[in-house]
Number of protein chains: 2
Amino acid sequence: MPDHSSSPALSTITLPSVLGALSDPTRLGIVRVLSDGNERGWGELRAPIAKSTLSHHLKVLREAGVTQTRQEGTRCFVTLRRESLDARFPGLLPALLAAAVADHVGEHVTERDAAK
Amino acid sequence: MPDHSSSPALSTITLPSVLGALSDPTRLGIVRVLSDGNERGWGELRAPIAKSTLSHHLKVLREAGVTQTRQEGTRCFVTLRRESLDARFPGLLPALLAAAVADHVGEHVTERDAAK
DNA sequence: CGTATCGTTCGTCCGTTGCCGAACAAGCGG
DNA sequence: CCGCTTGTTCGGCAACGGACGAACGATACG
């Protein structure tokens, strides 16, 4: 399971790429789920899309520096890079997250248990 | 010069459309120029693109509810809808603007005088 | 070992978007 | 009334991006 180390350094994170990553509803939804700071397993993420597509979205987020991925055996765990993002673009992530919640964007992405 | 009244109502402004509008460097640059709250004439905006393209960008911003356009005779004037945006998505615009400035995004859009 | 599981990669399809030049519509000025 | 200026619209092109299924590599497990 190659290529998981492509989390860019703080200084190489750019606004266009971050904005591009967060401009997609599904990816915004993923970030919403991760927004409490806790780690999530790949398989815990639920979205009505093919797994190859989900993998693609996770890759975009990772390469934009929005998330970080840790690998353990054959499965991997995703984390939001809150501090890094906030250091680079103060206030952006919280505002974006709040706006997403207020506007019901990304609600189609949930966790496995789906406590509803 | 038809169709200038398409500034959407506050409640119809959606995050995806706003984010989509602001995900383009040129449009972000336009918003940067307008960010002081002052009105600008169409012709005052300078960007290295064809005027039809500029018109297109202005239309996207207007329809997303990011800007407002006033028409006077044969020319029109553009304003940022700061209050509306901030009412709908608190903190989003300032954070986005600050991030754009910090990351030198949209600097290819300037004003006519180009006081440099 | 053989097989199941997990996540990535590949190739393809198709709708969207940025960009342009040309044509057009509308007010202004001689 | 004619032409100039101003901004919009149209048609077309090329690039991008999301979506999918299939195939693959890697690890876990019986």
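Letters A, B, ... are given to chains in the order of the sequence lines, protein chains preceding strands, and every chain is numbered from 1. Just so you know, these numbers come straight off a predicted model, no measurement behind them.
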field: Contact pattern, 5' to 3', of nucleotides 14-24 of chain C - B, S or - by protein heavy atom under 4.0 Å
entry: ----SSBBB--

field: Residue of the set V109(B), L85(B), T26(B), L61(B) for which side chain to side chain contact (heavy atoms under 4.5 Å, CB included) holds with V31(B)
entry: L61(B)

Sidechain-backbone polar pair: R40(A) side chain, I30(A) backbone, donor-acceptor under 3.5 Å: no

message: Quick one, T79(B) with T67(B), criterion side-chain contact (heavy atoms from CB on, under 4.5 Å). Give me CA distance, side-chain angles, the key distance, then yes/no.
response: CA-CA 5 Å; T79(B) 329; T67(B) 62; over 6 Å; no

task: Determine yes or no for a side-chain-to-main-chain donor-acceptor pair under 3.5 angstrom, with R88(A) supplying the side chain and I13(A) the backbone.
output: yes

- request: Grab the CZ-P distance between F77(A) and dT8(C) for me, whole Å please.
  value: 13 Å

field: Spacing of R40(A) atom CZ relative to dC6(C) atom C1', expressed in whole Å
entry: 19 Å

Presence of W42(A) side-chain N/O under 4.0 Å of dT8(C) phosphate oxygens OP1/OP2: yes

statement: Value for CG (L10(B)) from OG (S84(B)), rounded to nearest 0.5 Å, stands at 4.5 Å

- request: Round to the nearest Å and state the distance from I30(B) atom CD1 to dG7(D) atom C1'.
  value: 14 Å

Atom-pair distance (CZ on R112(B); P on dT5(D)), nearest Å: 13 Å

Table of protein N/O atoms under 3.5 Å from nucleotides 28-30 of chain C N/O atoms:
none

query: So, is R75(A) close to the dT8(C) phosphate, meaning a side-chain N or O under 4.0 Å from OP1 or OP2?
result: no

task: Quickly work out the L28(A) CG to dG18(D) C1' distance and round it to whole Å.
output: 15 Å

message: Is there a side-chain contact between L96(A) and L92(B) in this structure, where contact means two heavy atoms from C-beta onward sitting under 4.5 Å apart?
response: yes

query: Roughly how many Å is it from CD in Q71(B) to P in dT6(D), rounded to a whole number?
result: 14 Å

statement: note: L58(A), atom CG; dG17(D), atom C1'; distance rounded to Å ~ 17 Å

query: L61(A) CG to dG18(D) P: how many Å, rounded?
result: 10 Å

query: Can you hop from F77(A) to L54(A) via hydrophobic side chains spaced under 4.5 Å?
result: no

Exam field: side chain R27(B) to backbone A21(B), donor-acceptor pair closer than 3.5 Å: yes

- prompt: Can you tell me if R75(B) uses its side chain to pair, donor with acceptor, with the backbone of W42(B) under 3.5 Å?
  reply: no

